[in-house]
Amino acid sequence: MTLRSSFALAALITATAAAQTTTSTPQKQTTRRTPSTASKSTATSAAKATAEPAANPTDNPPNVPPVQGRPKNLYALRYIDTQVGTGEPAKPRQYYTVRYTGWLTDGTKFDSSDDHPGAESFVFPYGARRVIPGWDTGFEGMHVGGKRRLYVPYQLAYGESGRPPVIPAKADLIFDLELVAQSDTPPQEKPEPAPAPQPGETNPAQDAPKPKETPEPSTSKPPTPPPATTPAGQPPQSSPNP
């Protein structure tokens, strides 16, 4: 055997061993998934739907020029009915008789009908803009006799300026309300009682006391005394002589 033949045989044995090793140990294949165009489109549509919900069809009624977009809420009037009334439902343009207590959001009480003279209720025409906007709409859905806690944002209360020093600027308010009664006409005001006169003072509204009248002398004769009760036909007995 020549030297060249020996080298060729050694190379053949090495190649065969390498081939067997490669065949016995399979290589792991790594698969990389590439998102399809359809998946990207679906994800983009879902993100847009979350960011910009579809407009409500009622926002573009017929005969009104349509607009794009969705209305946004600036503020909201919230309430909790703590007692459902059993009387008639509240009506607009009625005179409401209300008992109330108002607080700031830090718990400071700033007004109450119980603190008024005589603890009298408050009367106002509902919906006539005689009170804050939150009150002009905050009784809707109540019944007479009902009680409600009303949360009024500052935009529906006293606005950005508030009413110093009692109501701060941009103050949200909390009210406990009771709808006592409602009527077509305002209730008649009770007459104020006359103040009691102080000692040493006279009341000009009262008549001065009249002096006592002196009885006039009588011109008639005095009555005749009754006759003696002597038996008829007998003279009165005289005392016997000593």
Side-chain angles (χ1 to χ4, degrees), residues 53-64 70-196 205:
N56 192 336
T58 58
D59 295 334
N60 292 308
N63 302 325
V64 177
R70 185 177 180 85
K72 298 179 181 179
N73 296 326
L74 293 178
Y75 43 81
L77 188 67
R78 302 179 297 122
Y79 67 89
I80 298 175
D81 283 328
T82 57
Q83 176 178 317
V84 179
T86 57
E88 60 181 353
K91 302 175 184 177
R93 298 295 177 180
Q94 295 280 303
Y95 285 89
Y96 285 7
T97 301
V98 177
R99 301 183 67 86
Y100 71 93
T101 300
W103 294 274
L104 303 176
T105 53
D106 63 359
T108 302
K109 185 177 74 170
F110 62 86
D111 193 11
S112 177
S113 58
D114 294 336
D115 298 336
H116 295 178
E120 293 185 358
S121 304
F122 177 69
V123 180
F124 73 100
Y126 185 63
R129 298 184 180 181
R130 302 286 182 85
V131 290
I132 60 175
W135 271 41
D136 259 340
T137 55
F139 289 82
E140 185 175 351
M142 291 187 69
H143 288 251
V144 174
K147 296 181 180 181
R148 173 175 290 184
R149 173 158 291 182
L150 190 65
Y151 302 90
V152 183
Y154 76 89
Q155 297 93 336
L156 300 179
Y158 294 99
E160 296 185 358
S161 59
R163 183 166 290 184
V166 180
I167 308 296
K170 293 185 178 181
D172 297 337
L173 306 179
I174 301 173
F175 287 96
D176 275 354
L177 305 171
E178 179 184 359
L179 182 57
V180 178
Q182 65 177 348
S183 60
D184 296 331
T185 57
Q188 297 181 355
E189 296 182 359
K190 298 179 181 180
E192 297 182 0

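Heads up: numbering here begins at 1 and tracks the sequence. Atoms considered below: every heavy atom in the structure, side chains included; atoms not considered: hydrogens, waters and symmetry mates.
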Side-chain atoms of residues 128-142: list all donor-acceptor pairs with protein atoms under 3.5 Å, sequence neighbours left out, distances to 0.1 Å.
unit_1	atom_1	unit_2	atom_2	d
D136	OD1	G127	N	2.8
D136	OD2	R129	N	2.9
T137	OG1	P133	O	3.3

Within the side chain of S112, is there an N or O that forms a donor-acceptor pair under 3.5 Å with the backbone of Y100?
yes
Taking side-chain hydrogen bond (donor to acceptor under 3.5 Å, both in side chains) as the cut-off, I'd like each qualifying pair that reaches into residues 143-159, sequence neighbours left out, listed once.
D81-R148, R149-D176
So, the side chain of Y95 versus the backbone of A181: is there a donor-acceptor pair under 3.5 Å, distance only?
no
From D106 atom CG to D172 atom CG, the distance as rounded to the nearest 0.5 Å
11.5 Å
Determine whether more than 12 heavy atoms belonging to other residues, nucleotides or ligands lie under 6.0 Å from atom OH of Y79.
no
Grab the two heavy atoms, one from G102 and one from F175, that are nearest each other, plus how far apart they are.
CA-CD2, 3.7 Å
Could you pull out the closest heavy-atom pair between A157 and A171, with the gap in Å?
CB-O, 4.3 Å
How many angstroms lie between OG in S121 and CG in L179, if you round to the nearest 0.5 Å?
10.5 Å
Any side-chain heavy atom of L173 within less than 4.5 Å of one from L104?
yes
Looking only at non-hydrogen atoms, find the nearest pair between S113 and R99 and report the distance.
OG-CA, 3.5 Å
In Å and rounded to the nearest 0.5 Å, what is the NZ to CG distance from K109 to D114?
7.5 Å
Between R78 (side chain only) and P153 (backbone N and O only), is there a donor and an acceptor less than 3.5 Å apart?
no
side-chain contact (heavy atoms from CB on, under 4.5 Å), that's the test. Do V98 and V123 meet it? Break it down for me.
CA-CA 6 Å; V98 177; V123 180; over 6 Å; no
For the side chain of Q182 and the backbone of K91, is there at least one donor-acceptor N/O pair under 3.5 Å apart?
yes
Closest approach of Y126 to P92 (non-hydrogen atoms, all atoms of both residues)
CD2-CA, 3.8 Å
